Each structure stands twice: as C-alpha cells, then as structure tokens.
Amino acid sequence: MRAVILAGGEGRRLRPATHTVPKPLMPVDGTPILHIILLQLRSAGFTHVTLSLGYRAHMIRASFGGNRWSGLELDFSLEEEPLGTAGPLTLLPPFEDSTLVMNADLLTDIDFADLWLRHKKSQAAATIALAQQNIDIAHGVVEIDEERQVTDFREKPRMSFLVSGGIYVLEPSLLALLSPGGRRDMPALLADAREQGERVEGYVFDGEWCDIGTPEQLERATAAFRADRSRYLGPNEQSELWAGTGPAEEMVGG
C-alpha cells in the first residue's frame with residue numbers, strides 16, 4: 001500500500017508563522033501535522049510514502065533524517081514551481097497499483113484502510129473522500145418564483161454539503177490524462193476522467209475532518225487533538241509521539 005502526500009504549499013493563510021515553519025510541520029498540540037498523518041497511514045497498513053515537496057523542502061526532508069521513519073519507507077519529490085494538486089504526480093515514477101494521494105494539512109479520523117478497501121472493491125478509477133459540512137445561515141432564507149411570489153420562507157436554516165476531504169485513491173490509468181510538468185488541480189483531472197467514461201466514486205465518512213489552513217482552523221484542530229488523541233491515534237502511535245519521533249519537534253517548538 002503506497003501513498004503520496006502533497007506537502008509543497010506555502011501556507012500563505014497561516015503567515016507569518018509559515019515564514020519560518022512550513023505548513024506540514026505546523027504543530028498540532030506540539031506534534032507536526034505531517035507526523036500525525038504518517039503514523040495514521042502506517043497504522044492503516046501503508047508501508048511506502050512519497051512526500052511531494054516545494055516550499056522549504058529542505059526543512060521537511062531534514063526532519064526525517066533519511067528515508068526510513070517509524071517503520072515507513074519514505075522518498076521525496078521536489079516541485080521547482082507550484083504544479084497544483086494533481087500536477088506533482090507527473091514528477092513521480094508511474095504508479096504500479098492503486099495509490100492514495102492526500103494533502104498534508106489535514107487532521108481527520110477517517111479510516112484509511114476502509115477507504116482503500118472500498119476503493120478496491122468499487123473498481124473505480126478514483127475515489128474521493130467526502131466530509132459533511134454544515135453552514136448555519138443567520139437570516140431567514142426566502143425563495144420566490146418568476147412572478148415574485150414567495151414560495152418558501154425558512155428561518156435560519158442549516159445548509160449541508162459534501163465537500164472534498166483532500167484525500168483520494170487513484171488508479172494508474174489516471175496519470176495518462178496529465179501533461180508532464182504542467183500545472184493541474186485534482187478537480188480538473190477527475191472531471192477529465194469522468195468525460196472519458198471513467199468511474200469516480202465518493203466515499204462519505206461521518207468522522208472528524210478539518211484542515212489547518214488558517215490560524216482559526218489550526219486552533220480548532222489543536223483543541224480537538226488535545227481533547228481526544230485516541231480518536232486520531234492508537235496507543236502505540238501516541239507512545240511514539242510522547243517519546244519523540246524525530247527532530248522535527250525541536251524545529252517547531254513541540
């Protein structure tokens with residue numbers, strides 16, 4: 001089981017913190033978010049992870065001290081310029097089998113092993129992890145028809161949406177739809193796949209999901225992780241974090 005983590009973004013919304021620390025090493029209750037993700041993947045059965053790097057790549061690479069970390073085999077790919085969320089895949093050797101691709105700024109309790117299994121059973125070309133997001137509207141929502149007559153009036157409704165969790169399982173065939181070295185985002189790649197008649201499936205999960213893209217989101221993720229570490233990591237992984245899994249904790253003040 002192989003994974004690719006997209007860890008090349010600049011984290012502009014987290015500035016000024018990311019002027020010195022790249023977003024994948026941002027501490028969540030003292031632990032770099034990337035370390036949490038890697039331990040989750042290892043627990044789910046993944047053995048080989050590629051880190052796609054860009055901004056401050058040297059810091060992220062140095063934090064692992066080599067190509068082995070907590071029982072995982074690591075390798076690194078470098079973007080010379082931003083290539084979006086799908087373009088970096090063209091810099092990698094061709095996939096030999098299904099590959100999980102995800103962003104490096106996510107705190108979630110998704111069952112990665114179940115996502116993988118559901119994808120394999122579906123025989124889809126791609127599976128997108130989907131999280132439920134609710135938005136509370138602070139005002140009454142009114143609908144009218146063509147004659148301006150009110151047809152519906154709901155007081156402060158809650159709107160629900162399924163949003164991309166930034167986690168995908170992809171088949172090797174999808175890489176043929178990418179231009180080598182070109183900028184491409186995942187929604188465009190999956191739209192092309194659907195146009196080609198490929199099956200793109202959604203995997204809806206009911207658990208916790210948040211990114212750390214803004215200071216407010218990072219604060220919420222930190223509070224959630226601090227309140228219930230066992231929701232995100234098993235006892236073995238928690239023991240490793242308390243013991244210190246590498247030099248990155250010192251770099252970010254964890």
Side-chain angles (χ1 to χ4, degrees), residues 1-9 11 22-26 28 31-55 57 60 64 69-70 72-77 79 82-92 95 97-120 124-131 133 162-172 174-175 178 184-190 193 200-205 207-213 217-218 221 225 232-233 237:
M1 295 172 66
R2 183 167 185 169
V4 176
I5 300 179
L6 305 172
K23 184 164 62 170
L25 294 185
M26 276 289 149
V28 175
T31 301
I33 184 65
L34 182 55
H35 286 199
I36 296 172
I37 293 171
L38 286 172
L39 290 175
Q40 289 176 322
L41 292 178
R42 188 196 67 180
S43 179
F46 290 85
T47 57
H48 187 167
V49 179
T50 298
L51 301 179
S52 178
L53 307 178
Y55 178 70
I60 299 173
F64 296 104
W69 186 84
S70 288
L72 287 169
E73 180 182 350
L74 302 179
D75 57 52
F76 306 90
S77 175
E79 294 178 70
L83 296 176
T85 52
L89 302 179
T90 66
L91 303 179
L92 307 179
F95 292 173
D97 199 354
S98 309
T99 300
L100 184 139
V101 179
M102 67 177 292
N103 299 337
D105 59 355
L106 304 175
L107 180 70
T108 178
D109 64 353
I110 188 173
D111 187 336
F112 287 103
D114 187 62
L115 167 63
W116 180 273
L117 181 62
R118 289 277 296 276
H119 170 80
K120 299 296 279 188
T127 297
I128 312 172
L130 302 173
Q133 294 286 287
L162 288 175
V163 301
S164 169
I167 305 169
Y168 315 87
V169 185
L170 307 179
E171 290 301 306
L174 287 188
L175 299 189
L178 293 171
R184 196 72 162 168
D185 285 319
M186 197 65 72
L189 171 62
L190 297 181
V200 177
E201 184 157 305
Y203 174 90
V204 181
F205 68 99
E208 295 296 320
W209 176 89
C210 60
D211 65 38
I212 62 163
Q217 290 167 328
L218 176 58
F225 189 64
Y232 303 94
L233 298 172
E237 288 74 29

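From a predicted model like this one, the values you see are computed outputs, not experimental measurements.
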> Quick one: do R2 and D75 make a salt bridge, cutoff under 4.0 Å?
Replying inline: yes

> Checking side chain to side chain contact (heavy atoms under 4.5 Å, CB included) against E79, which of L91, L6, L53 comes through?
Replying inline: L91

>> Treating Q40 as the side-chain partner and Y232 as the backbone partner, does any N or O pair qualify as donor plus acceptor under 3.5 Å?
In response: yes

>> Has T108 got a side-chain atom pairing as donor or acceptor with E208's backbone, closer than 3.5 angstrom?
In response: yes

> Can we say K120 and D97 salt-bridge, meaning some charged N sits less than 4.0 Å from an Asp/Glu carboxylate O?
Replying inline: yes

> Within a strict 4.5 Å, meaning less than it, do heavy atoms of the H48 and T50 side chains meet?
Replying inline: yes

> Which atom pair, heavy atoms only, marks the closest approach of L178 to A86?
Replying inline: CD1-O, 3.7 Å

> Taking the side chain from D185 and the backbone from T85, do they hold a donor-acceptor pair closer than 3.5 Å?
Replying inline: yes

>> Show, in sequence, the C-alpha distance, side-chain angles and deciding distance for L170 and M186, and conclude whether the side chain to side chain contact (heavy atoms under 4.5 Å, CB included) test is met.
In response: CA-CA 11 Å; L170 307 179; M186 197 65 72; 4.2 Å; yes

> With side chains defined as the heavy atoms from C-beta onward, is the minimum distance between L175 and T90 less than 4.5 Å?
Replying inline: no

>> Once ring pair (Phe, Tyr, Trp, His ring centres under 6.0 Å) is applied, do any residues pair with W116, and if so which ones, sequence neighbours excluded?
In response: F46

>> Looking at every heavy atom in both A124 and E201, which two are closest together, and how far apart are they?
In response: CB-CB, 4.1 Å

>> Using the rule given for side chain to side chain contact (heavy atoms under 4.5 Å, CB included), can you reason through Y55 versus I60, listing the C-alpha separation, both sets of side-chain angles and the distance that settles it, and then say yes or no?
In response: CA-CA 9 Å; Y55 178 70; I60 299 173; over 6 Å; no

> Any idea which heavy atoms bring P172 and S98 closest together, and the distance?
Replying inline: CD-N, 4.3 Å

>> Going by side-chain contact (heavy atoms from CB on, under 4.5 Å), name the residues that satisfy it together with L74, two or more places apart in sequence or in a different chain.
In response: L38, V49, F64, W69, L72, F76

>> Set out, in order, the CA-CA distance, both residues' side-chain angles and the distance that settles side chain to side chain contact (heavy atoms under 4.5 Å, CB included) for F112 and M102, then state yes or no.
In response: CA-CA 11 Å; F112 287 103; M102 67 177 292; 3.8 Å; yes

>> Let me confirm one number: the CG-OG1 distance from L25 to T31, rounded to the nearest 0.5 Å.
In response: 11.5 Å

> Out of curiosity, I212 CD1 to L107 CG, how far, rounded to the nearest 0.5 Å?
Replying inline: 8.5 Å

>> So, taking the atom named CG in L115 and the one named CD1 in I167, what distance separates them when rounded to the nearest 0.5 Å?
In response: 7.0 Å

>> Show, in sequence, the C-alpha distance, side-chain angles and deciding distance for L92 and T99, and conclude whether the side chain to side chain contact (heavy atoms under 4.5 Å, CB included) test is met.
In response: CA-CA 12 Å; L92 307 179; T99 300; over 6 Å; no

>> Ignoring hydrogens, what is the shortest heavy-atom contact between A221 and C210? Give both atom names and the distance.
In response: CB-SG, 3.6 Å

>> Using modelled atom types and a 3.5 Å cut-off, is there a donor and acceptor pairing between side-chain atoms of R42 and backbone atoms of S70?
In response: yes

> About how many Å separate CD1 of I33 and CD1 of I37, when rounded to the nearest 0.5 Å?
Replying inline: 5.0 Å

> Does the side chain of L34 come within less than 4.5 Å of L51's, by heavy atoms?
Replying inline: yes

>> Nearest 0.5 angstrom please: L174 CG to L190 CG, how far?
In response: 7.0 Å

> At what distance, to the nearest 0.5 angstrom, does CG of L130 lie from CD1 of I110?
Replying inline: 9.0 Å

>> So which atom in G165 and which in W209 form the shortest heavy-atom distance, rounded to 0.1 Å?
In response: O-NE1, 3.0 Å

> For the residue pair S164 and I128, what are the closest heavy atoms and their distance?
Replying inline: OG-CG2, 3.9 Å

